[in-house]
Participant: 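So that we are looking at the same thing, I have put the structure below in structure tokens.
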Amino acid sequence: MKMPKKPVKIAVVGGGAAGLTAAVAARYNGAEVTVLERMNRVGKKILATGNGRCNLSNTDLSINHYYGKNPKFAYGALSRFDFYKTMAFFEKLGIAWKVESGGKVYPVSNQASSVLDVMRHELEALGVETRCEAGVRDITRKNGRFILHLENGGIFKAERVIIATGGKAAPNLGSNGSGYALAEKFGHSIVEPFPALVQLKLAADFLKQIAGIKFDYEAEIMADKKSLARAAGEILFTNYGISGPPILALSRTAGEFLHRGEKVTLKLNIINYMSPDELEAFLLNRLRQQAHKPLAFSFVGFIHKRLVPVLLKEAGIEDINKPAGQLTAGERGAVLRILQDWRFQVTGTNSWPAAQVTAGGVDVKDVDQKTMESKLEPGLYFAGEVLDIDGDCGGYNLQWAWSSGYVAGESAAVS
Ligand SMILES: Cc1cc2nc3c(=O)[nH]c(=O)nc-3n(C[C@H](O)[C@H](O)[C@H](O)COP(=O)(O)OP(=O)(O)OC[C@H]3O[C@@H](n4cnc5c(N)ncnc54)[C@H](O)[C@@H]3O)c2cc1C
């Protein structure tokens, strides 16, 4: 451990993934560190990550997995505290790790709690003070020192401050957006936040009929007839719209366009394992074989049966119980189209409590990419989701928290 003569006193605001990493890094570099956390314990969100398994990183950390007004900003911290340094850091703390499909990295224990446990243990071993129920409501500066005004009435003084308060996603786990006002106080501007990695709301009056149906489909997000992004995998219809990993993956793009007031369309291909020609030949054959059966029933065994009446109505077929053999060529064409090009208007995303991540946040234009220090207020640093950087689903958001946290902590301690 490198020990400067007089330890610099650092306050880390927020004990999440970024704040805890910043605290460890600052202490490794000789600083005297206190974590101020508004909840009754630190790291609540870490426990919820990866369905309780903590997808802590990804083997492919290319910058095109990151978003924001200037996603390249993320490269600074991600290259300084990269995948290998992150994994070495966790290995040193005791986390054995494994790589799963899509390059997703998990602790071998499959327990998010193990990640938090080892971090808390390290903080304790290093002598980092953590104060819970110590939300910071304001920060002022006097004679070069920061004065942190706490929600509980107390004050805390420090020479450097790291704001690691997270965004607005999952406020039940602590991140209520309060960090934005702290940043604005020092002249930072905020890129208006909106929920990301979140379910989509759809305009359709039949959603209750098909809620709960889960299948492997392909989904595509479109605006102004232009394809914006597509993803495939398990999709779930819900009472309000649609969910599942591909939908969460597309929600960032959908949210961004909705936010700009554009009309967003979701296109579903529910038979994505056949080409249009294959599907046409298959359907023709099937309808011939089942010509005597009621039309709706002729799809049973091929399409989820709760979906069949909805799909046929959507294809504009009035009498869904007429014999399958009576389907006209035009009606067959409409059914084929619905099966591979079913369109919904996206009316919105679910809100903050359902979101995993915040898009938007503190504008990175006024933050030094190499050190995470404010360009407007020397001694003030930022780390994690509070900044206008968010990543794809798959370990990218936690990696951003670890990397930006480590760099902020190290820089604040040695500057
Ligand atoms: C359900 C869920 C699952 C997820 N799964 C994954 C996953 O598997 N992999 C992945 O990469 N990402 C995942 N994410 C996203 C990831 O967890 C976050 O991007 C990451 O935790 C952000 O870290 P952070 O430290 O910046 O913010 P947070 O984790 O939000 O931490 C901020 C902390 O600051 C505290 N705080 C806020 N305001 C104040 C204040 N004024 N004063 C004091 N303290 C304050 C909060 O209480 C909180 O403890 C998931 C998110 C959710 C909600």
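When a ligand or atom number is given, it counts from 1 through the structure's own listing order.
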Participant: Does NZ belonging to Lys305 count more than 12 external heavy atoms closer than 6.0 Å?
Facilitator: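 No, NZ of Lys305 has 12 or fewer neighbouring heavy atoms, counting only those of other groups under 6.0 Å.
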Participant: May I have the N/O to N/O pairs between ligand 1 and the protein that fall below 3.5 Å, each with atom names and distance to one decimal?
Facilitator:
{"from": "ligand 1", "atom 1": "5 (N)", "to": "Gly50", "atom 2": "N", "distance (Å)": "3.1"}
{"from": "ligand 1", "atom 1": "8 (O)", "to": "Gly50", "atom 2": "N", "distance (Å)": "2.8"}
{"from": "ligand 1", "atom 1": "8 (O)", "to": "Asn55", "atom 2": "N", "distance (Å)": "3.3"}
{"from": "ligand 1", "atom 1": "9 (N)", "to": "Asn55", "atom 2": "O", "distance (Å)": "2.9"}
{"from": "ligand 1", "atom 1": "11 (O)", "to": "Gly395", "atom 2": "O", "distance (Å)": "3.4"}
{"from": "ligand 1", "atom 1": "11 (O)", "to": "Asn397", "atom 2": "N", "distance (Å)": "3.3"}
{"from": "ligand 1", "atom 1": "11 (O)", "to": "Leu398", "atom 2": "N", "distance (Å)": "2.7"}
{"from": "ligand 1", "atom 1": "19 (O)", "to": "Glu385", "atom 2": "OE1", "distance (Å)": "2.6"}
{"from": "ligand 1", "atom 1": "25 (O)", "to": "Ala17", "atom 2": "N", "distance (Å)": "3.1"}
{"from": "ligand 1", "atom 1": "25 (O)", "to": "Ala18", "atom 2": "N", "distance (Å)": "2.9"}
{"from": "ligand 1", "atom 1": "26 (O)", "to": "Glu385", "atom 2": "N", "distance (Å)": "2.8"}
{"from": "ligand 1", "atom 1": "30 (O)", "to": "Lys45", "atom 2": "NZ", "distance (Å)": "2.8"}
{"from": "ligand 1", "atom 1": "38 (N)", "to": "Ser178", "atom 2": "OG", "distance (Å)": "3.0"}
{"from": "ligand 1", "atom 1": "41 (N)", "to": "Val136", "atom 2": "O", "distance (Å)": "3.0"}
{"from": "ligand 1", "atom 1": "41 (N)", "to": "Ser178", "atom 2": "OG", "distance (Å)": "2.9"}
{"from": "ligand 1", "atom 1": "42 (N)", "to": "Val136", "atom 2": "N", "distance (Å)": "2.9"}
{"from": "ligand 1", "atom 1": "44 (N)", "to": "Arg38", "atom 2": "N", "distance (Å)": "3.1"}
{"from": "ligand 1", "atom 1": "47 (O)", "to": "Glu37", "atom 2": "OE2", "distance (Å)": "2.5"}
{"from": "ligand 1", "atom 1": "47 (O)", "to": "Gly174", "atom 2": "O", "distance (Å)": "3.3"}
{"from": "ligand 1", "atom 1": "49 (O)", "to": "Glu37", "atom 2": "OE1", "distance (Å)": "2.6"}
{"from": "ligand 1", "atom 1": "49 (O)", "to": "Glu37", "atom 2": "OE2", "distance (Å)": "3.2"}

Participant: Minimum heavy-atom separation for Ile270 and Ile303, please, with both atom names.
Facilitator: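 Between these two residues, the closest heavy atoms are CD1-CD1, 4.5 Å.
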Participant: So, for Glu159 and Arg141, which heavy atoms are closest and what is the spacing to 0.1 Å?
Facilitator: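 Shortest heavy-atom contact: O-NH2, 4.2 Å.
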Participant: Using the ring of each side chain (for Trp, its six-membered ring), is Phe344 parallel, tilted or perpendicular to Phe237, with breaks at 30° and 60°?
Facilitator: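 Phe344 vs Phe237 ring planes: tilted.
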Participant: With ring-ring contact (aromatic ring centres under 6.0 Å, His included) as the test, pick out the partner of Phe90 among Phe83, Tyr84, Trp402, Tyr106.
Facilitator: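 In the set Phe83, Tyr84, Trp402, Tyr106, the residue that makes a ring-ring contact (aromatic ring centres under 6.0 Å, His included) with Phe90 is Trp402.
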Participant: Among pairs that include at least one residue of residues 49-71, which meet salt bridge (charged side-chain N to carboxylate O under 4.0 Å, His left out), considering only residues two or more places apart or in two chains?
Facilitator: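 Checked against salt bridge (charged side-chain N to carboxylate O under 4.0 Å, His left out) - neighbours excluded - the pairs reaching residues 49-71 are Arg53-Glu100, Lys69-Asp363.
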